*Asks:* 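I'd like to ask you about the structure that follows.
Keep in mind the model is a prediction, meaning the values are calculated, not measured. To find a chain, count down the sequence lines: A is the first, B the second, and so on, and within it residues start at 1.
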Amino acid sequence: MSMAFGANDGWQGSTASMLGRWAMTAAFIIVLLVLSTFPFKIGHFGEIRPSFMLMAIYYWAIMRPSTLSPIATFIVGLAFDLMGGFPLGLNAMTLLIVQWGTRRQRKFVLGQGFIVLWMGLALVTLGAGLFQWLIYSSFHQNFELASLKPVLTSVVMTTAIFPLIVLPLSAFNKSLAERE
Amino acid sequence: MRTLTTRLTPAVLILLAVTLMVFHKMDALPVEQMRVALTDKMAPVMSAVSEPFVALTDSFDGIATLRQLRAENMQLREENAKLQKWYENALRYQAENQSFRELLNVKADPALTYVTTRVVSDPGGSFVKSVLLPVGENDRVSKGNAVMSGQGLIGRVTEAGARSSRVLLVTDLNSHIPVTIQNTRTKAILAGKNTDLLKLERLPQDSGLTVGQRVVTSGDGGQLPPDVPIGVIVEVGAEGVFVKPLSEIEKVTYVQVINADVDRGLSTGEISTPVDKHSSKRK
């Protein structure tokens with residue numbers, strides 16, 4: 001399975017359309033933030049909690065790096081930290097590292113099909129999960145390791161749900177591209 | 001020059017994030033105030049945005065097979081019969097207790113007030129076990145208040161804004177609650193481990209605990225009211241004593257904030273120990 005990626009590198013167009021795109025992106029991110037903090041408790045499945053923010057940052061870093069600058073990513077991460085009760089800077093740092101690392105591998109992933117994009121996400125999510133787990137554990141007074149099970153569950157869920165999330169993400173990309 | 005700046009930006013920002021984390025760890029930043037300010041603004045928005053999702057998850061819950069319903073009904077009937085007996089007992093004990101209190105001239109615990117509300121978000125997920133409530137100081141909720149679901153304590157308020165408050169759940173790694181084993185009156189600290197089970201720490205040696213004993217708050221430290229049920233001992237082994245909370249903490253949607261202006265020491269008749277002081281502050 002391969003997809004047509006409308007990759008685009010750079011801001012163009014008039015100030016008005018730029019503002020329009022900026023507002024769209026901001027609205028999209030607010031929805032993602034709320035989704036990331038909402039407790040989905042579906043029947044007997046228990047909690048479903050994939051990292052929506054991480055999926056979006058990863059996707060944009062490959063398909064459309066101009067969507068979110070590192071500074072914007074930093075601000076989004078900080079907002080997430082404050083809203084979620086995380087150690088301040090934890091998500092800001094994780095998202096920045098994900099964005100930076102993914103952008104470096106962008107050319108390679110772009111040339112491949114969807115499976116590679118998906119596998120890349122699985123790797124990135126696992127890395128980010130373990131990284132946050134270590135940092136959070138070290139934040140505890142006695143450096144006590146937190147349970148790893150919820151982290152791995154979240155990694156599996158994020159990977160499993162990614163193909164579904166790609167649809168709204170690519171639709172969003174298209175509507176941004178149309179405004180250029 | 002421009003490319004150099006573009007290249008350096010992520011590195012500088014990552015460094016800034018690390019610095020923020022270190023400062024937070026050192027308590028050098030007013031993180032709590034910043035959080036309260038943001039969540040106060042966001043709580044109504046999140047409450048509104050989450051409305052359709054609540055409806056969605058509720059409708060998922062509504063789908064159950066007839067067989068499940070029958071089984072549940074049967075179970076509830078049995079439970080109801082048992083509870084009827086308990087209700088009679090409770091009335092009898094209440095009357096007895098009242099007469100003893102009058103005999104002894106005991107000064108009763110101050111009356112507790114409750115605020116019932118819905119959980120608007122629990123963002124932490126894998127690490128941070130906390131939830132956000134759309135009630136705050138305007139609703140007389142304040143820092144330190146106990147938060148319960150139907151069956152037992154689920155956490156306590158660690159940050160309270162005007163319209164929102166954050167609850168640190170008992171399962172969080174930073175949660176340490178002074179407790180008593182109900183029938184032996186053994187004191188201990190109940191610590192969260194980021195798993196479904198909680199661990200009893202600082203137990204006296206040879207405390208003789210057994211599976212099935214109930215764990216309640218001791219009220220020491222004056223922050224939480226005494227005798228609020230939390231859980232039941234499910235494991236006594238070499239690795240420690242583990243307690244299963246009475247409420248299914250991960251599935252809680254509605255909670256009660258107990259607003260107890262507990263007069264320190266009065267309720268327990270003991271000298272308060274500042275034992276849970278550090279855990280009320282998020283590290």
*Asks:* Nearest 0.5 angstrom please: A:S138 OG to B:K25 NZ, how far?
*Replies:* 7.0 Å
*Asks:* Counting only heavy atoms not in B:E137, do more than 12 fall under 6.0 Å of its CD?
*Replies:*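 It does: B:E137 CD has more than 12 such atoms within range.
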*Asks:* Shortest non-hydrogen contact from B:A17 to A:A92?
*Replies:* CB-CB, 4.3 Å
*Asks:* Is it the case that more than 12 heavy atoms not belonging to A:M119 sit under 6.0 Å from its CE atom?
*Replies:*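 Atom CE in A:M119 is not crowded, with 12 or fewer foreign heavy atoms closer than 6.0 Å.
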*Asks:* Side chain from CB out, backbone as N, CA, C, O: work out which of these in A:I71 comes under 4.5 Å of a heavy atom of chain B, or both, or neither.
*Replies:* both
*Asks:* Counting only heavy atoms closer than 4.5 Å, note whether A:Q99 contacts chain B via side chain, backbone, both or neither.
*Replies:* neither
*Asks:* Within a 6.0 Å radius of atom CG on B:D196, are there more than 12 heavy atoms belonging to other residues, nucleotides or ligands?
*Replies:*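 Open.
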*Asks:* If you count heavy-atom pairs under 4.5 Å with chain A, which of B:V22, B:V36, B:T9, B:L16 comes out on top?
*Replies:*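 If we count pairs closer than 4.5 Å to chain A, B:L16 comes out on top.
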*Asks:* About how many Å separate CE of A:M93 and CG of B:L13, when rounded to the nearest 0.5 Å?
*Replies:*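 Going from CG on B:L13 over to CE on A:M93, the span is 12.5 Å.
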*Asks:* With a 4.5 angstrom heavy-atom cut-off, which part of B:L38 approaches chain A: side chain, backbone, both or neither?
*Replies:* side chain
*Asks:* Taking the side chain as C-beta and beyond, is there a heavy-atom pair between A:F74 and B:L20 under 4.5 Å?
*Replies:*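 Result yes, sub-4.5 Å side-chain heavy-atom pair found.
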*Asks:* Using a 4.5 angstrom heavy-atom cutoff, name the option from A:T94, A:L95, A:N91, A:L90 with the most pairs to chain B.
*Replies:*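 Greatest number of close heavy-atom pairs with chain B: A:L90.
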*Asks:* Would you give the length of the straight line joining atom NZ of B:K41 to atom CE of A:M83, rounded to the nearest 0.5 angstrom?
*Replies:*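 Output value for this atom pair is 13.5 Å.
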*Asks:* How close do B:R166 and A:L82 get, counting heavy atoms only, and between which atoms?
*Replies:* NH2-O, 3.5 Å
*Asks:* Do B:H24 side-chain atoms and A:L88 backbone N/O form a donor-acceptor pair below 3.5 Å?
*Replies:* yes
